[in-house]
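The structure presented is a predicted model; accordingly, all values stated were derived computationally and were not measured.
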Amino acid sequence: MKLNCDMGESFGSWTKGMDAEVMPYIDMANIACGFHASDPLTMDRTVRTAIAENVTIGAHPGYPDLLGFGRRDMEFASEELQALLVYQIAALDGICRTHGTAIEYIKPHGALYNKMAVDRTTLAAVMAAVRNYAPHCPLVAMATPDADEVLALAADVGIDVWFEAFSDRAYSDEGRLVKRSVKNAVHDTPEAIERQVTQIITEGSVTSISGKRIPIKADTLCIHGDSQHAVEAARHMRKVVESL
C-alpha cells in the first residue's frame, strides 16, 4: 500500500505543512499547482525535494480559490473545467521537466475531489482533462462502494484509476468523507488512525462515523502533512503499512 501526501501548498511567505520532513516517509507527493495553493517557486522546491527522496510526483489541481484553499464548491461548464485542469497540470509538469522528470498521476484537490466523487458530469470532465493532456497518468479518485461505476467510466474515456482511502478522516454511512465541520470528522490520535489503516488494508473496509462497515478497495492511502504531529504520524504510518 502506497502512502500519498498533499504537498507544495505554501504560498509566498505563508508556509503550510512540513513537506521536507514528511517526504522521506511517503511514496507519492501530490503537489499543488497554484490555483488553490502554491506558487511557481514553491512548486519548483517541492519537485526538487521529491526527486531527492525518490518520491513519485503527482499533480494536485483544484478550483481557482486561493482564499478558500480550494475547499469551496464552484460551478464551471465542462469545457472550462477541463481547461482549468490542463492549465494547472501542464504548469507542474513543465517544472518537473526542467528537472528531468514528469508527473506520473493526477489527484484533484478539496471541493473538486469531493464533487467528482458524487457528480458524474464533473468526474467525466476531470477524466477528459487527464486523457487530453496526460493519458498515461492514472487519476486518483476516492475509494467508494460504487468504484465499479468509476472504473467503467474511466475505461470508456481511456484512462486508468487509482483508488484512495484516508487514514485520518471519518467516513459517512454512504462511504464518503464526513465534512470537516462535523465533530470527530478528523481522527487526531495515532490509535484511531492505525485502527482505520489496519482495517482498510487487512479487511478492505472502513467503519463509518455511526459504526457501519463500508466495503472499499484502495490502492493508496492519504496522510496529511500539515497537522501538529505530521512528521510523527507519517513515520508511524510508514511502520504500520510495512508491518501489514
Sequence neighbours excluded - side-chain hydrogen bond (donor to acceptor under 3.5 Å, both in side chains) pairs with any residue from residues 75-96: E75-K115, S78-Q82, Q82-N132, D93-R97, D93-Y133
Partner residues of R176 under the salt bridge (Lys or Arg N to Asp or Glu O under 4.0 Å) criterion, sequence neighbours left out: D146
V140-L177 co-clustered via ILVMFWY side chain contacts under 4.5 Å: no
Qualifying residues under side chain to side chain donor-acceptor pair (under 3.5 Å), relative to S210, sequence neighbours excluded: D173, S208
R120 vs L123 side-chain heavy atoms within contact, under 4.5 Å: yes
Nearest heavy-atom neighbours spanning P61 and I89: CG-CG1, 4.3 Å
Trace of the side-chain contact (heavy atoms from CB on, under 4.5 Å) decision for T220 with E164: CA-CA 5 Å; T220 179; E164 172 186 49; 3.9 Å; yes
For L41, side-chain contact (heavy atoms from CB on, under 4.5 Å) partners two or more places apart: D39, R45
Short side-chain to backbone donor-acceptor contact, Q196 and V206, under 3.5 Å: no
S38 side chain vs E9 backbone, donor-acceptor pair below 3.5 Å: no
Interatomic distance, E242 atom CD to M237 atom CE [nearest 0.5 angstrom]: 11.0 Å
Test log, rule side-chain contact (heavy atoms from CB on, under 4.5 Å), inputs W162 and K2: CA-CA 11 Å; W162 289 345; K2 294 185 180 297; over 6 Å; no
Single-linkage hydrophobic cluster, 4.5 Å side-chain cutoff, Y113 and M74 together: yes
Atom pair CZ (F35) and CG (L84), whose distance is rounded to the nearest 0.5 Å: 5.5 Å
Main-chain N/O of I95 paired with T98 side-chain donor or acceptor, under 3.5 Å: yes
Heavy-atom check, side chain of I200 versus side chain of L221, under 4.5 Å: yes
T144 side chain reached by E174 side chain, heavy atoms, under 4.5 Å: no
D168 side chain near I223 side chain, heavy-atom distance below 4.5 Å: no
From M43 atom CE to R48 atom CZ, the distance as rounded to the nearest 0.5 Å: 13.0 Å
Residues forming a side chain to side chain donor-acceptor pair (under 3.5 Å) with T101, sequence neighbours excluded: none
Heavy-atom closest pair, residues I216 and A165: CD1-CB, 3.9 Å
Within residues 200-218 or reaching into it, pairs that qualify as salt bridge (Lys or Arg N to Asp or Glu O under 4.0 Å) - sequence neighbours excluded: none
Transitive ILVMFWY side-chain link M1 to M23, under 4.5 Å: yes
Closest approach of V197 to S167 (non-hydrogen atoms, all atoms of both residues): CG2-CB, 3.5 Å
Partners passing side chain to side chain donor-acceptor pair (under 3.5 Å) against Y171 (at least two apart in sequence or in another chain): none
Partner residues of L151 under the side-chain contact (heavy atoms from CB on, under 4.5 Å) criterion, sequence neighbours left out: D148, V161, F163
Nearest non-hydrogen partners of G34 and L66, listed with the distance: O-CD2, 4.1 Å
N54 atom CG, over 12 foreign heavy atoms within 6.0 Å: no
same_hphob_cluster(I57, V86) at 4.5 Å side-chain heavy-atom cutoff: yes
Close side-chain approach of L112 and L85, heavy atoms under 4.5 Å: yes
Test side-chain contact (heavy atoms from CB on, under 4.5 Å) applied to K179 - qualifying residues, sequence neighbours left out: S181, V182
S205 versus Q199, side-chain donor and acceptor atoms under 3.5 Å: yes
Hphob cluster co-occupancy, I103 + L139, side-chain heavy atoms under 4.5 angstrom: yes
Partner set under salt bridge (Lys or Arg N to Asp or Glu O under 4.0 Å) for E194, not counting sequence neighbours: none
Can you give the donor-acceptor pairs under 3.5 Å from side chains of residues 25-33 to other protein atoms, not counting sequence neighbours?
{"from": "Y25", "atom 1": "OH", "to": "R235", "atom 2": "NE", "distance (Å)": "3.2"}
{"from": "D27", "atom 1": "OD1", "to": "R238", "atom 2": "NH2", "distance (Å)": "3.1"}
{"from": "D27", "atom 1": "OD2", "to": "L3", "atom 2": "N", "distance (Å)": "2.8"}
{"from": "D27", "atom 1": "OD2", "to": "R238", "atom 2": "NH2", "distance (Å)": "2.8"}
{"from": "N30", "atom 1": "OD1", "to": "Y105", "atom 2": "OH", "distance (Å)": "2.5"}
{"from": "N30", "atom 1": "ND2", "to": "N4", "atom 2": "OD1", "distance (Å)": "2.8"}
{"from": "N30", "atom 1": "ND2", "to": "C5", "atom 2": "O", "distance (Å)": "3.3"}
{"from": "N30", "atom 1": "ND2", "to": "D6", "atom 2": "OD1", "distance (Å)": "2.8"}

Closest non-hydrogen atom pair, A134 against I106: CB-CD1, 4.3 Å
Test item: H60 side-chain N/O and K107 main-chain N/O as donor-acceptor pair under 3.5 Å: yes
Partners passing side-chain contact (heavy atoms from CB on, under 4.5 Å) against V186 (at least two apart in sequence or in another chain): R169, R180
Rounded distance (nearest 0.5 Å) linking atom CD1 of I214 with atom CD1 of I209: 12.0 Å
Interatomic spacing from CD in E191 to NE2 in H236 - rounded to 0.5 Å: 7.5 Å
Residue pair F166 / M142: nearest heavy atoms and the distance that separates them: CE1-CG, 4.5 Å
M116 side chain reached by T122 side chain, heavy atoms, under 4.5 Å: yes
